[in-house]
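These numbers come from the heavy atoms of this one structure, side chains and all, not from hydrogens, waters or symmetry mates.
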Amino acid sequence: MAPGQKPSIGQPAWPDSGEHAYATMIARARALLPQLRERAARTEELRHLPPETERDLHDAGLFRMLQPKRVGGAELDYVALIDCADLLGQADASVAWNLANLASHHWMLGMFEQKAQDLVWGRDPDALIASSFIFPAGRATRVEGGYRLHGSWPFSSGVASCEWNMLASVVYSEDEADGIEYRIFLLPKGDYRVLDTWNVAGLRGTGSCDVEVRDAFAPDHMTIAVGELAGDKTPGSRINPNPLYALPVFSLFPYVLSGVALGNAQACLDDYAEVARHRISTYNRAKLSDFQSTQIKIAEASAKIDAARLVMRSACLVAMEDARRGHIPDMATKTRYRRDGAFSVNLCTEAVSMLFAASGARGLFTTGVLQRQFRDAHAINSHLAFNFDASGTNYGRVALGLPSENLTL
């Protein structure tokens, strides 16, 4: 099967109840873990997801966990992104990254105008959508009926498998008094070129290549302003009334991917503990499990991971509850979401780094999984959403009564 080929067993059935649909999603994800672990080395070698992995994710319906029910999606609560990425990340962080990333774009498309949703899902409700939300990478200008767009965007994960791409850009006006606007443009793959640039140390299997747009036209209905995604009814709310499609997108942006760090760290801890149970020290033949230092490392790493999981899930659950009661979060809440998203991923990275150091020379062998978990942890942490200096500074500004510097909030 070529990248992007659709499922072989038809549309997966989702139970009517949200609780049962969630349990079904988790069960389907868990069933994939053995084969994902077996394919992890090949995924790195390919630098993108193996075709059979894509097929498995499609067949299980996992890409559609946040897609509206009206087009066959599961329409689960936002926390499903955390939980599913956490689970798949325990097998392969690259798979979890692409799954969560691409699934989130079905959620975002549900906020666009109906015409855009019908165009994408009317052709193929399984169609995958890539993205790059680096606004300065693009330049758009208003024209009759839409916008002209050009630019070059990095880090478009899973793009080779996708039929569409959500590209963020700054919109400039000839009248300086109008200022600039941040918008997202939904383009078909014929309007952009994929550049094979993904030669990296971590998350190697995500295929996060660059994309280039020379001069594309995006009609009005295929674009949405960032201001319409700030935490209230969106253009898509008329046909998708679930509060899921009224969440503040960029405030909650870290939680699209933070579960990947969580699963990767959990796998690292579980593997370390399993080795320590049976390993004998090379130098004095003592059991590692008898060393107090080993016991302390397990306690500290597990505390960091458990705390990160609580922080991540709490943010998503609170945001959904606020959306259900029609509460629009203020700037202090939005910057707290960003702060906590970065902080929780940093905790996961610290746990992996500590366990890697405690493993000694064993962790250096490329035949083992520890070196990949270490590389993936730091690759995840390099994402701007997890830069605590950036999110912490903005949180501190707002806490001190200064305006937010993050124009997407």
Side-chain angles (χ1 to χ4, degrees), residues 30 33-34 36-41 43-44 82-83 85-97 100 200-206 254 257-313 340-383 385-388:
R30 193 180 303 280
L33 299 188
L36 297 183
R37 290 192 185 100
E38 290 177 5
R39 296 173 191 155
T43 300
E44 281 212 308
I82 297 289
D83 294 343
D86 178 3
L87 191 56
L88 296 186
Q90 294 175 41
D92 187 336
S94 287
V95 174
W97 182 276
V200 292
L203 293 175
R204 287 178 54 82
T206 62
L257 298 167
S258 64
V260 182
L262 189 61
N264 184 64
Q266 185 67 59
C268 186
L269 173 62
D270 292 345
D271 292 346
Y272 178 83
E274 181 62 23
V275 168
R277 288 187 187 99
H278 307 289
R279 187 179 172 195
I280 303 297
S281 171
T282 304
Y283 294 98
N284 61 12
R285 309 308 295 168
K287 292 178 63 177
L288 288 187
S289 59
D290 290 336
F291 289 0
Q292 186 183 54
S293 60
T294 300
Q295 298 157 6
I296 292 173
K297 290 294 188 296
I298 288 174
E300 184 177 353
S302 62
K304 289 177 184 289
I305 295 166
D306 288 350
R309 183 175 286 108
L310 288 172
V311 169
M312 292 178 196
R313 298 192 85 254
D340 290 354
F343 184 75
S344 57
V345 167
N346 286 191
L347 287 176
C348 294
T349 309
E350 291 168 8
V352 173
S353 295
M354 181 177 63
L355 295 171
F356 182 82
S359 297
R362 181 182 70 86
L364 300 177
F365 289 91
T366 57
T367 52
V369 298
L370 181 56
Q371 49 79 30
R372 172 168 55 84
Q373 291 162 346
F374 179 81
R375 289 185 288 106
D376 286 347
H378 285 271
I380 295 164
N381 212 137
S382 69
H383 194 292
F386 307 133
N387 184 312
F388 191 76

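Between atom CG of residue L269 and atom SG of residue C348 there is a gap of 11.0 Å, rounded to the nearest 0.5 Å. Taking CD1 from I380 and CG from L203, the interatomic distance works out to 5.0 Å, rounded to the nearest 0.5 Å. A distance of 9.0 Å separates SG of C268 from CE of M354, quoted to the nearest 0.5 Å. To the nearest 0.5 angstrom, L355 atom CG is 12.0 Å from E350 atom CD. The CZ atom of R372 sits 7.5 Å away from atom CG of N264, with the distance rounded to the nearest 0.5 Å. Separating the CG atom in L310 from the CG atom in D306 is a distance of 7.0 Å, to the nearest 0.5 Å.
With sequence neighbours excluded, no residue forms a salt bridge (charged side-chain N to carboxylate O under 4.0 Å, His left out) with D270. Taking R375 as the reference, E44 meet the salt bridge (charged side-chain N to carboxylate O under 4.0 Å, His left out) condition, with sequence neighbours excluded.
Residues D271 and Q373 are in side-chain contact: their nearest non-hydrogen atoms beyond the backbone lie under 4.5 Å apart. Annotation: side chain of I82 is not in contact with side chain of R309 (no heavy-atom distance under 4.5 Å). Two residues are said to be in side-chain contact when any heavy atoms from C-beta on lie closer than 4.5 Å; S353 and H378 meet this criterion. Side chains of Q266 and L262 form no contact here, defined as non-hydrogen atoms less than 4.5 Å apart.
Ring-plane geometry between F374 and F356 is classed as parallel, the angle between the planes falling under 30 degrees on a 0 to 90 degree scale with a further cut at 60.
Side-chain atoms of N346 come within 3.5 Å of backbone atoms of F386 as a donor-acceptor pair (strictly under, hydrogens ignored).
A side-chain donor-acceptor contact under 3.5 Å links Q90 and D86.
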**OP:** Please assess I305 against L347 for the test side-chain contact (heavy atoms from CB on, under 4.5 Å), listing each intermediate value before the final yes or no.
**Re:** CA-CA 7 Å; I305 295 166; L347 287 176; over 6 Å; no
Without placing hydrogens or testing angles, list every side-chain donor-acceptor pair under 3.5 Å for residues 291-298, not counting sequence neighbours.
{"residue": "T294", "atom": "OG1", "partner": "L288", "partner atom": "O", "Å": "3.1"}
{"residue": "Q295", "atom": "NE2", "partner": "S289", "partner atom": "O", "Å": "3.0"}

